[in-house]
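Owing to the predicted nature of the structure, the values given are computational and were not obtained by experimental measurement.
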Amino acid sequence: MGHHFGGLAKVRHVITYSLSPFEQRAFPNYFSKGIPNVWRRFTSSFFRVAPPMVLMYLTYTWGNHVHQEGKKKNPNDYVNDE
C-alpha cells in the first residue's frame with residue numbers, strides 16, 4: 001500500500017518521448033507540401049474511380065428513363081375510343 005496509481009508496477013525497457021505543445025507547429029509545410037500532396041493523390045486515383053462512377057450514373061439514368069417510358073400508355077391504343 002502507499003503507492004499511488006501510476007506506480008503500482010515497474011515497467012522496464014519502455015522509453016517514452018514527449019514534445020512540449022509550445023514547440024510544436026500546428027500546420028508545418030501545409031502550403032508547400034500538403035496541397036501538392038492532395039493534388040497528387042487526387043489525380044492518381046481519379047482515373048481509377050471516375051469511369052466506374054460515370055458508367056453507373058449512365059446506367060442508372062438509362063434505367064430510370066426506360067422505366068418512365070414503360071409506365072406511359074400508348075396513345076394509338078385509344079384513338080377510336082369515345
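For F47, the side chain to side chain contact (heavy atoms under 4.5 Å, CB included) criterion is met by no residue, not counting sequence neighbours.
Taken to the nearest 0.5 Å, the CE atom of M56 stands 11.0 Å off from the OG1 atom of T61.
Transitive grouping of hydrophobic side chains (ILVMFWY, heavy atoms separated by less than 4.5 Å) keeps V38 and Y30 in distinct clusters. Placement of Y60 and W62 in two distinct hydrophobic clusters is found when ILVMFWY residues are connected by side-chain heavy-atom separations under 4.5 Å, directly or transitively.
Closest non-hydrogen pair, R48 versus S44, comes out as NH2-O, 3.2 Å.
Annotation: side chain of N29 is in contact with side chain of S32 (closest heavy-atom distance under 4.5 Å).
For N80, the CG atom counts as loosely surrounded, since its 6.0 Å shell holds 12 or fewer non-hydrogen atoms of other residues, nucleotides or ligands.
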